[in-house]
Amino acid sequence: MCGIVAYVGHRPACDVVVDALRRMEYRGYDSSGLAILDGDGGLTVRRRAGRLANLEEALAETDPSALVGTAGIGHTRWATHGKPSERNAHPHRAGSVVLVHNGIIENYRELRAALEKRGATIQSDTDTELIAHLIDEFVQAGRDLLSAVRAACRELTGSYAIAVLCDKEPNLLVTAKKGGSPIIIGHGDKQAFLASDIPAVLPYTREIISLKDGDFAVLAEDLVQVVDIEGRILDRE
Ligand code: GLU
């Protein structure tokens with residue numbers, strides 16, 4: 001069982017993401033990572049195999065100015081596709097898109113072959129990286145991030161809980177859920193949180209929404225909007 005977390009608001013996202021990952025350590029994992037996006041679209045990704053402490057060491061060695069962004073995603077991985085390693089650790093990036101994923105993409109082989117045929121360079125052995133490439137293709141075709149994520153998810157078979165950032169839309173994040181992995185969203189005080197489990201966000205908010213299978217959501221400082229795959233707004237209060 002891995003953990004995904006995400007934050008958008010006014011605090012340095014790195015602090016919130018690392019704290020939330022620590023609160024989900026009990027779920028078990030083999031590697032960890034995070035991506036921090038600043039308001040100008042500057043993206044910093046750090047990933048490490050092994051304990052969360054290894055990721056914290058990498059962050060301590062990072063120029064602090066690269067970690068001031070107020071949007072971020074984080075992940076503790078339990079490998080299903082590709083061995084536990086830094087290269088396979090999440091987040092995975094493709095072009096302007098970076099994401100974390102919990103679950104298993106069953107049509108991995110077909111998707112990988114199709115993406116490579118269209119010219120994508122796949123850098124890891126994971127099923128997850130393919131989702132990033134699919135979303136990036138739709139962003140490159142002119143879609144906004146939410147619409148690109150909805151379109152990409154139509155092509156996936158399997159289970160997923162994902163959190164996605166895009167450097168073209170730096171002040172929001174998009175999430176989607178289908179299958180076994182839970183996603184809860186916390187919001188309030190001009191910030192929004194997302195996690196695989198409630199304890200990760202409890203220090204920050206008690207306003208919590210639980211996503212249902214097939215839900216997508218866009219999160220920003222003052223916005224949490226849940227939609228279905230067609231983009232129709234859903235009431236999940
Ligand atoms: N299938 C993905 C991978 O192997 C996600 C695993 C997870 O849920 O941690 O990277």
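When a ligand or atom number is given, it counts from 1 through the structure's own listing order. When reading the values below, keep in mind they use all heavy atoms of this one structure, side chains included, and skip hydrogens, waters and symmetry mates.
For ligand 1 and N102, the ligand atoms under 4.0 Å from any heavy atom of the residue are 7 (C), 8 (O). Residue H75 has at least one heavy-atom neighbour below 4.0 Å for each of these atoms of ligand 1: 9 (O).
No hydrogens or angles considered: nothing links the side chains of E106 and T157 as a donor-acceptor pair under 3.5 Å.
Atom-to-atom distance recorded for R87:CZ and S31:OG is 12.5 Å, nearest 0.5 angstrom.
A side chain to side chain donor-acceptor pair (under 3.5 Å) with E56 is found for exactly one of R22, R51, R48, namely R22. Evaluated for a ring pair (Phe, Tyr, Trp, His ring centres under 6.0 Å) with H75, the options H92, H101, H90 yield exactly one hit, H90.
Across every non-hydrogen atom of T205 and F193, the tightest pair is CG2-CD1, 3.9 Å.
Counting heavy atoms only, G103 comes closest to atom 5 (C) of ligand 1 of the residues G103, P84, S159. The option from D127, T126, I131 that lies nearest to atom 2 (C) of ligand 1, judged by heavy atoms, is D127.
Ligand 1 is never approached by G82 to a heavy-atom distance shorter than 4.0 Å.
Considering both main-chain and side-chain atoms, H81 comes within under 3.5 Å of ligand 1 through a nitrogen or oxygen pair.
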